[in-house]
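Small disclaimer: the values here were computed from a predicted structure and weren't measured. Residues: numbered from 1 along the sequence shown.
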Amino acid sequence: MISEAPAPLGLGTYRLRPPAVQEAVLRAANDPRTAWVDTAPNYLGGRAQSLLAPALADRVIKVSTKVGFVAQGAGTTAIVAGALSAAEAASGHCLSARFVHWQCAQNRAELGRPRLNLVFAHNPERTAGDPNEALLRAFTALEEEVSAGTLDAYGVATWDGFDNGALSVPNLDRMASLAAGSEYHHLRAVQLPVSLVTANAFTQALDNRGPIAQAAARGWDVFASAPLFGGELPQLATRELADLIRPDLSVTQACLLAVASCPGVTRVLLSASSSAHWHEPHAALREPLVPVATLRKVLDVLASD
């Protein structure tokens with residue numbers, strides 16, 4: 001079901017400044033509507049989860065993390081533990097069952113949580129060989145984590161896997177059903193770039209097509225990553241374009257509200273190290289949805305440039 005309000009913010013940690021991590025979590029935890037943190041073991045030079053742990057302790061805030069990339073300094077430890085071969089460690093990415101189990105255990109230890117809310121298989125398009133075979137192995141391990149009571153649900157986070165044809169939502173659904181042994185699996189989310197620049201899935205969603213619409217139709221959460229295109233979008237967008245979206249908002253706010261208004265998107269991830277960079281977008285997402293007709297016009301203007 002499509003929301004009648006813009007998708008809420010969640011705190012992304014990929015671009016956070018390390019000294020700002022704990023205060024950023026406190027801001028994100030202030031409002032139950034935005035009480036979500038997204039991270040990964042390879043973020044911030046492999047330190048993200050350990051930096052997050054003190055701020056997450058004793059706070060009711062959900063966390064999504066990831067499996068797949070070998071975090072800086074973790075390769076040797078994983079080899080000694082039998083979770084990776086030397087070749088897998090050298091490649092920097094692996095979705096084997098043994099590595100997924102090992103990395104889930106590492107994630108729990110680093111975050112200081114006995115149970116993980118959501119784990120994304122991270123950029124499966126980067127894996128050696130067939131991404132679907134790798135995902136079947138990873139999903140099987142993640143279903144086992146759910147059965148063991150150490151995980152609530154899992155998903156897939158990708159950069160360009162939907163655009164380059166390596167991934168599709170129907171195929172993810174099929175792999176998860178195979179992993180679970182039935183259609184009642186625990187694949188519940190996808191994460192992909194959604195912005196006025198990375199607009200392919202965005203444009204498709206306006207016509208009820210593509211990965212966002214397909215995930216929403218299954219009741220999955222859709223996490224929009226890089227909504228400001230790595231911080232570059234406010235410099236690329238014009239005041240005139242922002243006025244099309246909502247004249248009383250800043251360019252940054254307008255760009256974020258557009259993403260949060262995309263049908264099917266359920267959360268927008270923003271790496272905000274300062275109070276202003278969090279509260280200004282947060283205020284924008286209290287605005288009414290941008291109508292689909294307006295979003296079409298904005299994307300048409302950008303496509304014609």
Fill in: Contacts of Arg47 that satisfy side chain to side chain donor-acceptor pair (under 3.5 Å) - sequence neighbours left out
none
Practice prompt. State yes or no: do Leu270 and Val21 share one hydrophobic cluster built from I, L, V, M, F, W and Y residues joined by side-chain heavy-atom distances below 4.5 Å, directly or via other members?
Written response: yes
Discussion item. Between Asp38 and Arg267 (salt bridge meaning N to carboxylate O under 4.0 Å), is one present in this structure?
Written reply: no
Practice prompt. Just grab all the ring pair (Phe, Tyr, Trp, His ring centres under 6.0 Å) pairs involving residues 46-67, residues at least two apart or on different chains.
Written response: none
Worksheet, complete the sentence: CG of Leu118 to CZ of Phe223, rounded to nearest 0.5 Å, is 5.5 Å
Discussion item. Parallel, tilted or perpendicular: which one describes the rings of Phe99 and Trp102, with boundaries at 30° and 60°?
Written reply: parallel
Practice prompt. Taking all non-hydrogen atoms of both residues into account, name the closest pair between Ser271 and Tyr14 and its distance.
Written response: OG-N, 3.6 Å
Worksheet entry | Lys/Arg-Asp/Glu bridge criterion (N-O < 4.0 Å) met for Asp173, Arg218 | yes
Only distances under 3.5 Å count here; give the side-chain donor-acceptor pairs of residues 123-130 to other protein atoms, sequence neighbours excluded, each with its distance to 0.1 Å.
unit_1	atom_1	unit_2	atom_2	d
Glu125	OE1	Thr158	OG1	2.9
Glu125	OE2	Thr158	OG1	2.9
Glu125	OE2	Trp159	N	3.1
Glu125	OE2	Asp160	N	3.4
Asp130	OD1	Asn132	N	2.8

Worksheet item: Hey, is Asp152 close enough to Arg115 for a salt bridge, meaning N to O under 4.0 Å?
Response: yes
Worksheet entry | Between Glu183 and Ser177: side-chain donor-acceptor atoms closer than 3.5 Å | no
Worksheet, complete the sentence: For residues 160-187, the ring pair (Phe, Tyr, Trp, His ring centres under 6.0 Å) pairs (sequence neighbours left out) are none
Discussion item. Once ring pair (Phe, Tyr, Trp, His ring centres under 6.0 Å) is applied, what residue pairs with a partner in residues 121-143 remain, sequence neighbours excluded?
Written reply: Phe69-His122, Phe139-Tyr154
Worksheet item: For residues 196-222, which residue pairs qualify under ring pair (Phe, Tyr, Trp, His ring centres under 6.0 Å), counting only residues two or more places apart or in two chains?
Response: none
Worksheet item: Under 3.5 Å, is there a donor-acceptor pair linking the side chains of Gln49 and Asn107?
Response: yes
Practice prompt. Return yes if a side-chain donor-acceptor contact under 3.5 Å exists between Ser250 and Glu280, otherwise no.
Written response: yes
Practice prompt. Spell out, as yes or no, whether a donor-acceptor pair under 3.5 Å connects the side chain of Arg296 to the backbone of Leu206.
Written response: yes
